[in-house]
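Accompanying notes for the structure given below.
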Amino acid sequence: MIEAEGLGMSFGGEEVLGEIYLSVGEGEIFGLIGPSGAGKSTLTRLLTGYLRPSRGSVRVFGRDPCAFGAADRRRIGFMPQGFVLYGGLSVRQNVNFAAGLYGLRLGERRRRVREVLEFTELWKDRRKAASRLSGGMQRRLQLAAALVHEPQLLFVDEPTANLDPILRRKFWEGFEVLRDMGRTIFVTTQYVGEAELCDRVGLLSGGGLAAVGTPEELRRRAFGGEAMELTLAGEPGRLGRHLDALEGVGHVVEVREERPGDGAAASTVRLVVEDADTALPRAFEALRGAEVLSADLIHPSFDEVFVRLVRG
Ligand SMILES: Nc1ncnc2c1ncn2[C@@H]1O[C@H](COP(=O)(O)OP(=O)(O)OP(=O)(O)O)[C@@H](O)[C@H]1O
């Protein structure tokens, strides 16, 4: 659906994006994650044809988006970062206006305006002026306007920036509903934790994609395998004798000793292994003689994954 090859962008001789190779398939939520200024908006604008690349090529539906005609444009929706609607118009008038731009006929327009305002939970506010909406409502209105013509491919640039966690969650639930309807969603975010909610993720850093894959693939790539955490009872300090044996099972990345208030002590070992199912019995074998309180497969936070992948 989206193909970018050797895509690069410079402004006034300054390179913002180096060489981007990217492929986004039908019916997936693809998340572009990166810190502020990484070039997420620039890449989104290149993919939507609002900017012409300095180098390389983009294909959306097999065509150059800069050469899109009206029929091609109807197949994509774009929710940019800033508020670009008309403050003086009501919620319904704004969406109706967007529907007119896409050439929806009167009957269809009425039906779609209502559908998208219900989807974004703005129907009851349809008569309010856009300028009188809260920031989160304005964001939902932008989404409604981007969806009114039922695009197959939706680009959303930082839809959740500065929103409260509940509204952020709602946006992502909305994207899942759209994805389950077969739509493709290309979404950018600065919130690294939102990577978890995407089908595939691209980490944008230093003008290039540091990694692309499913959240699970990226986690595995960052740590070189699956991470397990074993907690052992007993005196800290005595764990050392087990470590060599554990190194034979996997790669010990962290050893932590805890002494809670009641005087009991425990040691926690974090181990990265090729495959947790086969490694677990071997870890128990290696720990013969120790009292294993718990053994869990852990999911390191995406912040940790991101830092590891970006540092390389
Ligand atoms: N039209 C432009 N002219 C000159 N420089 C630009 C232009 N658009 C973007 N840039 C520069 O490109 C870099 C990337 O900006 P971009 O907005 O793409 O980043 P971003 O990852 O979307 O950031 P944010 O999350 O803060 O929106 C910035 O240094 C910005 O100043």
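Start at 1 and go down the list; that is how both ligands and their atoms are numbered. As a basis for the values below, the full set of heavy atoms in this structure was taken, side chains included, without hydrogen atoms, waters or symmetry mates. Positions are given from 1 along the sequence. Please read these numbers as outputs of a predicted model, since none were measured by experiment.
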Salt-bridge present ([X], [Y]; N to O < 4.0 Å):
X	Y	value
Arg55	Glu19	no
Glu118	Arg114	yes
Lys40	Asp157	no

Under the side-chain hydrogen bond (donor to acceptor under 3.5 Å, both in side chains) rule, collect the residues that match up with Glu247, sequence neighbours excluded.
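Residues passing side-chain hydrogen bond (donor to acceptor under 3.5 Å, both in side chains) with Glu247: none at all.
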Looking at residues at least two apart in the chain, or sitting in another chain, which of them share a side-chain hydrogen bond (donor to acceptor under 3.5 Å, both in side chains) with Thr214?
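For Thr214 there are no side-chain hydrogen bond (donor to acceptor under 3.5 Å, both in side chains) partners, ignoring immediate neighbours.
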Just to verify, what does Phe284 make a ring-ring contact (aromatic ring centres under 6.0 Å, His included) with, not counting sequence neighbours?
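Partners of Phe284 by the ring-ring contact (aromatic ring centres under 6.0 Å, His included) criterion come out as none, since no residue qualifies.
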Can you pull the residues with any heavy atom under 4.0 Å from ligand 1?
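The 4.0 Å shell around ligand 1 contains Phe11, Val16, Pro35, Ser36, Gly37, Ala38, Gly39, Lys40, Ser41, Thr42, Gln81, Glu158, Gln190.
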